There are 2 protein chains.
Amino acid sequence: MESKLAVAALGALAHETRLEVFRLLVRAGAGGLSVGRIAEGLGVEANGRLSFHLKELVGAGLAVSRQEGRFIYYSTNYPVMNDLLRYLTEDCCGGLGCGEVVDACSPEKCV
Amino acid sequence: MESKLAVAALGALAHETRLEVFRLLVRAGAGGLSVGRIAEGLGVEANGRLSFHLKELVGAGLAVSRQEGRFIYYSTNYPVMNDLLRYLTEDCCGGLGCGEVVDACSPEKCV
DNA sequence: TCCATATTTCAATAATAATTGAAATCTTGG
DNA sequence: CCAAGATTTCAATTATTATTGAAATATGGA
């Protein structure tokens, strides 16, 4: 992962609402959630502000969206999330083997 | 970890210089690096700007500093780093066991 | 087609963070 | 104690990001 992508992703997460959205999506798994469900999960309205924050997460590469009927579903971009975590912990302690993130979450391994 | 602490930590990392400082410190391990060495590792001057960024990392809980002789050493705050990574991946996919960060780096386990 | 639900866009304003350069502090060897 | 290296503080300026509210678009069912 490039430094600029990581900065963009971290900047997107450095906001209370977006961080909660991200965590909600991580919990939701590969299927994701509609905007309405996200708003519900956060206890906020599905308004322009939420839409803006969702767009920011997508712009930073941390989420993807897809249209399904009249709903739009957002879901975590797991490969980018894993890249980001790896980038943060890379070569920890000079590579002395004290543990490094490989894949924090791989939805394809879910039961 | 509380949401506000996570936002502060992510905000501190969402900056090119600070992110590189953090990664440098992660690589350096528990002993950390003096400000001069950090500047060297980044290819910048040890000036007010770098000092400000280091203070930001400490303020966000991601690093700690200690004075040793006429040098000041900064090092990663590993427990906070691990908390942050756990916070981001918590209950991934609803807890279906697709892998979650436990401890990305535990310097006490280093060889 | 028309309506209701779902979601986004936009522009103005407000708030926060980054950069600069110069001066100040702190530490130890001579 | 003084000088030099190491690091920090501060205030002014500039740049970036967030919030608000209202209007716009898109979709599927009656």
Side-chain angles (χ1 to χ4, degrees), chain A residues 3-25 28 31-76, chain B residues 3-25 28 31-76:
Chain A
S3 168
K4 298 214 171 171
L5 297 180
V7 168
L10 291 163
L13 292 173
H15 183 285
E16 194 144 15
T17 301
R18 289 195 297 261
L19 180 56
E20 289 318 308
V21 169
F22 180 77
R23 284 169 25 95
L24 197 59
L25 294 180
L33 294 171
S34 68
V35 177
R37 289 297 188 139
I38 293 170
E40 208 177 302
L42 262 66
V44 304
E45 272 191 88
N47 57 14
R49 204 178 336 153
L50 179 57
S51 182
F52 166 77
H53 290 315
L54 290 170
K55 210 180 52 170
E56 291 278 294
L57 285 172
V58 172
L62 289 166
V64 295
S65 69
R66 69 178 195 280
Q67 183 123 18
E68 212 165 283
R70 80 169 79 180
F71 301 95
I72 293 176
Y73 283 79
Y74 283 84
S75 52
T76 304
Chain B
S3 167
K4 298 214 171 169
L5 297 179
V7 168
L10 292 163
L13 292 173
H15 183 284
E16 194 143 15
T17 301
R18 289 195 298 261
L19 180 56
E20 288 319 309
V21 169
F22 179 79
R23 282 168 26 94
L24 197 59
L25 294 180
L33 296 171
S34 69
V35 177
R37 289 298 187 138
I38 293 169
E40 209 177 301
L42 262 67
V44 304
E45 271 192 90
N47 57 14
R49 204 178 336 153
L50 179 58
S51 183
F52 166 78
H53 290 314
L54 290 169
K55 211 181 49 169
E56 290 278 296
L57 285 173
V58 171
L62 288 167
V64 296
S65 68
R66 68 179 195 279
Q67 184 121 20
E68 210 164 284
R70 80 170 77 181
F71 302 95
I72 293 176
Y73 284 78
Y74 282 83
S75 51
T76 303

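Chain A is the first sequence line, chain B the second, and so forth, proteins listed ahead of strands; every chain is numbered from 1. All values below come from the heavy atoms of this structure, side chains included, with hydrogens, waters and symmetry mates left out. For clarity, every value in this text was computed on a predicted model and none was experimentally measured.
By the side-chain contact (heavy atoms from CB on, under 4.5 Å) test, B/Ser65 pairs with B/Ile72, B/Tyr74, sequence neighbours left out. Residues that satisfy the side-chain contact (heavy atoms from CB on, under 4.5 Å) test with A/Arg70, not counting sequence neighbours, are absent from this structure. Considering only residues two or more places apart in sequence or on other chains, B/Ala6 meets the side-chain contact (heavy atoms from CB on, under 4.5 Å) condition with A/Leu19, B/Met1, B/Leu84, B/Tyr87. Residues satisfying the side chain to side chain donor-acceptor pair (under 3.5 Å) test with B/Glu68, not counting sequence neighbours, are B/Arg66.
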Report, one line per pair, each donor and acceptor closer than 3.5 Å where one atom sits in a side chain of residues 41-56 of chain B; sequence neighbours left out.
from    : atom 1 : to      : atom 2 : distance (Å)
B/Asn47 : OD1    : B/Arg49 : N      : 3.2
B/Asn47 : OD1    : B/Leu50 : N      : 3.2
B/His53 : ND1    : B/Arg18 : NH1    : 3.2

Using distance only, find each side-chain donor-acceptor pair of residues 9-17 of chain A under 3.5 Å and give its atom names and separation, not counting sequence neighbours.
from    : atom 1 : to      : atom 2 : distance (Å)
A/His15 : ND1    : A/Thr17 : N      : 3.2
A/Glu16 : OE2    : B/Ser3  : OG     : 3.2

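If you measure from atom CD of B/Glu68 to atom P of C/dT28, you get 11 Å, rounded to the nearest angstrom. Following rounding to the nearest Å, B/Glu16 (CD) and C/dT19 (C1') show an atom-to-atom distance of 15 Å. What separates CD1 of A/Ile38 from C1' of C/dT8 is a distance of 14 Å, to the nearest Å. The distance from atom CD of B/Gln67 to atom C1' of C/dC26 is 7 Å, rounded to the nearest whole Å.
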Give the B/S/- string for nucleotides 6-21 of chain D, one per nucleotide from 5' to 3', where a protein heavy atom under 4.0 Å of the base yields B, of only the sugar-phosphate yields S, and otherwise -.
SBBB--------SSS-

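Where the helix from C/dT1-D/dA30 to C/dG30-D/dC1 starts and where it ends, the local axes point in directions that differ by 30°; five pairs per end, rounded to 10°.
The list of side chain to side chain donor-acceptor pair (under 3.5 Å) pairs with a residue in residues 32-41 of chain B, not counting sequence neighbours, is empty.
Inter-residue side-chain proximity for A/Ile38 and A/Leu25 is flagged as met; some heavy-atom pair is nearer than 4.5 Å.
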